[in-house]
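The sequence lines fix the lettering, A, B, ..., with proteins before strands; numbering per chain opens at 1. Side-chain atoms are counted along with the backbone in the values below, which use heavy atoms only and exclude waters and symmetry mates.
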Number of protein chains: 2
Amino acid sequence: MNRDDLAVLTFRLSRRLLAIEQPILDRHGVPMWSYAVLTALSEGPTRSQASLATAIGADKTRLIPVLDDLQRRGLISREPDPTDRRVRLLSLTESGQRIHGTIHTEIRAAENALLSDLPQADREAFVRSLIRLSPR
Amino acid sequence: MNRDDLAVLTFRLSRRLLAIEQPILDRHGVPMWSYAVLTALSEGPTRSQASLATAIGADKTRLIPVLDDLQRRGLISREPDPTDRRVRLLSLTESGQRIHGTIHTEIRAAENALLSDLPQADREAFVRSLIRLSPR
DNA sequence: TATTGTTATACTCTATAACTATA
DNA sequence: TATAGTTATAGAGTATAACAATA
């Protein structure tokens, strides 16, 4: 079969998904990296900003303004660890949990709409394979 | 099932594929955008640089240095259209065809190695779905 | 006047290195 | 002295706007 390279196809889909999500994020005033942080913290609190940075594949320096903004808006809690005051303990506030849940639900709905183009068997195989091919 | 967003998974795979291809491209001294141009032209000559740019999802201005380099290395032909001298006719030289073929073969081999992690049925469904979900 | 290609410039994103505070 | 976080700066990549040639 004469198809494009996998990298091209994947890159194209990646851009398409981003374009689908952007309006949702815009509507909630949450930039993509902020959403990535909310998602990471929704799985549990994090000790140290550096570990959060590597967890979401970002640089620790470019996380700072993101965390500043989330904190200013009351979406995360960010306090020095009493046992080692160099470290910041990060977690979602109630408000942060709520906004993450809302956005996440909307994004999933949009993604499912996209996937509904596929026959069910392919859809399942696609998601399963994607998970397998994209380890952290 | 509790999985990451599709956008995250796709982005992760995209980066992984890029990391796999980079050493191959480096070995041949061909940057990614140059390879994109070679690939586009391997499907046939192009009339006008602007149409080539949109075809590969690039900006026409950032194509210029790419084309300059490919031309200097004798991999593409780039001549004014005699019927409209504003337009440049672009095509691969023999040398350009050869290097594209070599790189393309190596990249496909690397991609197939990656896909071989998957059971055959999933592999086929994955590629089929990816093509369907990433229209130009 | 409109269009193709080119150049120059500005802007965004990201990474590097230096600095502060805690240990 | 070493580490977490922060700030300042520089670099790459990209897009915007002005320009030259041709129609």
Side-chain angles (χ1 to χ4, degrees), chain A residues 7-8 11-12 14-19 21-22 25-26 29-37 40-41 45-72 75-91, chain B residues 7-8 11-12 14-19 21-22 25-26 29-37 40-41 45-72 75-91:
Chain A
V8 173
F11 187 71
R12 221 178 267 154
S14 196
R15 288 219 289 203
R16 188 179 179 195
L17 285 166
L18 219 68
E21 298 194 359
Q22 201 58 64
L25 294 170
D26 287 350
V30 174
M32 191 187 49
W33 282 114
S34 301
Y35 177 64
V37 168
L41 292 181
T46 298
R47 198 178 172 277
S48 100
Q49 301 180 178
S51 68
L52 174 62
T54 59
I56 65 175
D59 191 277
K60 65 168 180 166
T61 61
R62 82 181 196 235
L63 216 58
I64 308 273
V66 173
L67 295 175
D68 288 348
D69 179 63
L70 289 172
Q71 185 179 25
R72 192 165 353 98
L75 301 178
I76 63 167
S77 150
R78 185 197 201 183
E79 287 166 36
D81 181 346
T83 73
D84 181 347
R85 295 180 45 74
R86 292 175 301 183
V87 177
R88 302 280 173 278
L89 300 175
L90 303 169
S91 60
Chain B
V8 173
F11 187 71
R12 222 179 265 153
S14 195
R15 288 219 288 205
R16 189 178 179 196
L17 285 166
L18 218 67
E21 298 194 359
Q22 201 57 64
L25 293 170
D26 287 350
V30 174
M32 190 188 53
W33 282 113
S34 302
Y35 177 64
V37 168
L41 292 180
T46 298
R47 198 178 173 278
S48 101
Q49 300 179 179
S51 68
L52 174 62
T54 58
I56 65 176
D59 192 278
K60 65 170 181 165
T61 61
R62 82 182 196 237
L63 216 57
I64 309 273
V66 173
L67 295 174
D68 287 347
D69 179 64
L70 289 171
Q71 185 179 26
R72 192 166 351 98
L75 301 177
I76 64 167
S77 151
R78 185 198 203 182
E79 287 166 36
D81 181 345
T83 72
D84 181 347
R85 293 179 48 73
R86 291 174 302 183
V87 177
R88 303 282 173 275
L89 300 175
L90 304 169
S91 59

Value in whole Å for how far the P atom of C/dT3 lies from CD of B/Gln49: 18 Å
Which atom names give the shortest non-hydrogen contact between A/Ser48 and A/Thr46, and what distance separates them? O-CG2, 3.4 Å
Please list all pairs meeting salt bridge (charged side-chain N to carboxylate O under 4.0 Å, His left out) that have one or both residues in residues 52-67 of chain A, counting only residues at least two apart or in different chains. none
DNA chain D: first to last nucleotide in contact with chain B (atom under 4.0 angstrom from a heavy atom), 5' to 3', is D/dT14 to D/dA23
Can you tell me how far apart CZ (B/Arg47) and CG (B/Leu52) are? Round to the nearest 0.5 Å. 13.5 Å
Between C/dC13 and A/Trp33, is there an OP1 or OP2 to side-chain N/O distance shorter than 4.0 Å? no
For B/Pro31 and B/Gly29, which heavy atoms make the closest approach, and how far apart are they? CD-O, 3.6 Å
Starting at the 5' end of DNA chain C and moving along, which residue's nearest nucleotide shows up first, A/Pro82 or A/Asp59? A/Asp59
Mapping A/Arg88 and A/Lys60 to their closest nucleotides on DNA chain C, which lands nearer the 5' end? A/Lys60
Any N/O donor-acceptor pair, B/Arg86 side-chain to C/dT3 base, under 3.5 Å: yes
How would you label the contact of B/Arg78 with the nucleic acid (heavy atoms, under 4.0 Å): base, sugar-phosphate, or nothing? sugar-phosphate
Who are the ring-ring contact (aromatic ring centres under 6.0 Å, His included) partners of A/Phe11, not counting sequence neighbours? none
Could you give the distance from CD (B/Glu21) to CG (B/Asp26), rounded to the nearest 0.5 Å? 11.5 Å
What is the nucleic acid contact for B/Asp84, judged by heavy atoms within less than 4.0 Å: base, sugar-phosphate only, or nothing? sugar-phosphate
Whole-Å distance between C/dG5 C1' and B/Leu63 CG? 11 Å
